[in-house]
A.B. asks: 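Can you keep this structure in mind? I'll have questions shortly.
Lettering follows sequence order; numbering is per chain, from 1.
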Amino acid sequence: MSIPAQRTPGADTPPAMALRGLVKRFDTRLAVSGVSLDVPAGSFFGLLGPNGAGKTTTLSMAVGLLRPDAGQAVLLGYDVWHAPSEAKALVGVLPDGVRMFDRLSGPELLAYHGLLRGMPADVVDQRAGDLLDVLELGAGNRTLVVDYSAGMKKKIGLACALLHAPRLLVLDEPFEAVDPVSAALIRDILQRYVAGGGTVVFSSHVLEVVERLCSHIAIMSDGVLRMHGTLGEVRGDRALQDVFVQVVGGRVATGSELAWL
Amino acid sequence: MAVSVLPFVRLKLRITRNGLRGRPARIAMFVVGAVFAGLFAVGGYLIFALPGLLEHSRSAGILLPLGGALLMLAWTFMPLLFFGVDSALDPAQFALLPVPRRTLLAGLSVAALIGLPALATLVATGGMVHTAARLGGPVAAVAALLGIVSGLLLCVALSRSVTSAFATALRSRRSRDTATILLAVVAASLGPAQLLLLGLLDRADWDTVTMIAQVVGWTPLGAPWSVGVDAASGRLWAVPLKLLIVLAVAGVLVWWWSRTIEQAMLGASTAGGRRATTAPDTRRPVERLLLRGLPRNRFGALTSREARYWWRETRRRATLVTLGVVGVFLPLSSAFGGAPEGAGGLAVVVGAIAPLGLANQFGYEGSAYATNMATGVPGRLEVYSRAAAHALFTVPILLLVALVTEVSAGKPEVVAAQFGTLLATYGVGLALVLPISVWAAYPQPDTSGPFALSSGGGAAKALPSLGAMLGASIATVPLLIAGFLLGPAWLWVGLPLGLAYGAGAFWLGAILAGRMIDRRMPELLAAVSA
């Protein structure tokens, strides 16, 4: 297999991310049971699910941070577990609940990522400066990332994932703890990135964001992929919220419970 | 009261059990820890019972108060240094529950009593009761029993209040950083100070020692352990007085502890202070990251990041500071303490201690290691860069150790050879420690307190690295023999030979550790993610 040369998605393009029967068991709990999913190249893909549905576990297995008990993850034609260096070179990752090397300042962290990606120093300097500027993190800032606010941490994490101009971005909860202004900025950046031919896969449980951004969505609960397809296919003529609650089997308040409240 | 204390005991046992569940390596380490505790208990019992078995009341009067005082000092400082504040039963976690402070105190105290250290201490000091019974019959035995029970209570109160006070005072990252370093210096000087003291004792006559023991016997540190001897030698009047001293001090400590608990509970939700920022740094990002002279590639980035971490991450800096202090003062105190021949040998121990800073190198940064995984850093590069950054700080310290040791011993011509031996020990130590750091990595979150480890396991986690230290010391024996056989020529070949020996060992260890990383990267990440 090889990397697709053309940027426009088409029927003959291999998927940007192809998951086949991913399984992960923690102790006795089955966190992810057999997830298979194709993310078309050039799509803006939202992975939806309630807390504990297995979104983070799935994405961690997809990008090679967590070894699956069974199954396969192929990114842009490269198997993450058999050709890790090729796959990882083409992917930018923003993990959730994972620390960064936070005793570095923002610019230092970006330089670290850039050099680890094997980029020339002058390119790193130039792109890092641009990213710090656009994301309003301050190029001359000496503050260590550990002392950043939660929103700033998300932004520097996103900058690190974007630095090497990957063809695929995998973002775990990119909008969590981000203020509305920064969220709008991140949305803009990601939309432009997809328009330029990139693919974004991100997880969220904020339906409004997903509905606004995504071309494709998948809904997970209890470690199982319940539904996936284009936004139109999944939603049909109903509101996404209703579909989501119905699919994950959430209960709808009838008014009789918690009457004492 | 008993009813309300029970949940704390159950919680503690449950946390210990959950920490072990499904992790055979942890269970093995726990068992080894239990065996060590057992050995300590039995050995302590025998030592403290010895004066009684020999019916030698004078040595009892020296051994019991001084030995007990050392035990109590260990209780005060060991948790801070090695085992961390037991964050499992951190008072802050009870902040939102409507638990009365009195219940909380009682519960936490009882929970602290449940555990290997308390049990081992009780058994070991049981030897004192034995001695008292042999020397003074049942009355003295009862006095000694009261003594060791109150002594154990004081031990627990001491360790709890000290750790709790530290944890509270150090909520902000800045003050935490400073305190960790300060404490490391104090702790590191304890060992040499003790050696110095022993050296002095060695020269002093027994009358002086007896007097010191008697004085210590009236301080809270020694009082609980000396009541048995007092009763046996007819000073019954001293027994209630000393017990009163102990209980009063314990009472004050508990009162102090209860106040710090309250602060700890209040402080739980306030975040640490923000670092004051100065003038903007106008240098370009890559220039800011890299240390001068390092290449602008992956190795340069990894080594620079790691070196900055050794300085910026407090626990790591504390390790370095400790190493420096121990390294300089251990040989010095031996040189001045009356055994200058031993100084060189002690210096070798410093070379063996040095690599221990890397024993849980992945645990320090926790899940941040995901960055290196996501960017596909190969294992060998990972190991080389980390060792390089560590050596950047350690090798100068070792050179200083060699200089101080041999110059203070009046043999400046041996400095180079001594440095060679240290490098060899350091290299062998690295070779042993690097695979351990991959194989036995455990999370070391730095959020709850400056000395916090995650709950469960405790001292057992340090066992593999202690084994590495021993191994490194043993592995340099061929070099020492070579030095002995070569005689004067050793002064010239010692440095290159030691360097080659150490570098060779390091190379083998690095290859092994690098392969292990390549094979089990995800498992390593999972092991250090808290």
A.B. asks: Measuring from B:Arg288:CZ to A:Leu110:CG, what's the distance to the nearest 0.5 Å?
C.D. replies: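 Answer rounded to 0.5 Å: 10.5 Å.
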
A.B. asks: Is there a donor-acceptor contact under 3.5 Å from the side chain of B:Thr371 to the main chain of A:Met100?
C.D. replies: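 It does not hold such a pair.
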
A.B. asks: At a heavy-atom separation under 4.5 Å, does A:Ala139 approach chain B through its side chain, its backbone, both, or neither?
C.D. replies: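 For A:Ala139, the contact with chain B is made by the backbone alone.
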
A.B. asks: Is a donor on one side and an acceptor on the other found under 3.5 Å between the side chain of B:Asp281 and the backbone of A:Arg142?
C.D. replies: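 No; judged by distance alone, with no hydrogens or angles, the pair does not exist.
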
A.B. asks: Do you know which two heavy atoms are closest between B:Ser367 and A:Val98, and how far apart they sit?
C.D. replies: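 So the minimum-distance heavy-atom pair works out to O-CG1, 3.2 Å.
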
A.B. asks: So which of B:Asn297, B:Asn372, B:Leu381, B:Thr282 has the largest heavy-atom pair count under 4.5 angstrom toward chain A?
C.D. replies: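 Going by pairs under 4.5 Å, I would pick B:Asn372.
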
A.B. asks: Within this structure, what is the CG-OH distance for the pair A:Asp102 and B:Tyr309, rounded to the nearest 0.5 Å?
C.D. replies: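 The CG atom of A:Asp102 sits 4.5 Å away from the OH atom of B:Tyr309.
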
A.B. asks: Which heavy atom of A:Ala121 sits nearest to which heavy atom of B:Arg296, and what is that distance?
C.D. replies: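 That would be CB-NH1, 3.1 Å.
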
A.B. asks: Heavy-atom distances under 4.5 Å only: say whether A:Leu116 touches chain B with side chain, backbone, both or neither.
C.D. replies: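 Both backbone and side chain of A:Leu116 come within 4.5 Å of chain B.
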
A.B. asks: Going through the distances and angles, do B:Arg312 and A:Leu104 end up as a side chain to side chain contact (heavy atoms under 4.5 Å, CB included)?
C.D. replies: CA-CA 9 Å; B:Arg312 287 183 193 167; A:Leu104 299 179; 3.9 Å; yes

A.B. asks: Given A:Glu108, which of B:Leu290, B:Leu289, B:Val286 fulfils the side-chain contact (heavy atoms from CB on, under 4.5 Å) condition?
C.D. replies: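 Checked B:Leu290, B:Leu289, B:Val286 against A:Glu108; only one passes side-chain contact (heavy atoms from CB on, under 4.5 Å): B:Leu289.
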
A.B. asks: Using a 4.5 Å cut-off on heavy atoms from C-beta on, say whether the side chain of A:Asp125 contacts that of B:Pro285.
C.D. replies: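 B:Pro285 reaches A:Asp125 side chain to side chain.
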
A.B. asks: Contact part of B:Arg308 toward chain A, heavy-atom cut-off under 4.5 Å: side chain, backbone, both or neither?
C.D. replies: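 Just the side chain, heavy atoms under 4.5 Å.
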
A.B. asks: Say you draw a straight line from OH of A:Tyr112 to CD of B:Glu306; how long is it, rounded to the nearest 0.5 Å?
C.D. replies: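 With rounding to 0.5 Å, OH (A:Tyr112) is 8.0 Å from CD (B:Glu306).
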
A.B. asks: Measure A:Ser60 against the heavy atoms of chain B and call it side chain, backbone, both or neither at under 4.5 Å.
C.D. replies: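 Neither part; nothing is under 4.5 Å.
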
A.B. asks: Charged N to carboxylate O under 4.0 angstrom, B:Glu523 versus A:Arg67?
C.D. replies: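 Here B:Glu523 pairs with A:Arg67 in a salt bridge, since their nearest N and O are under 4.0 Å apart.
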
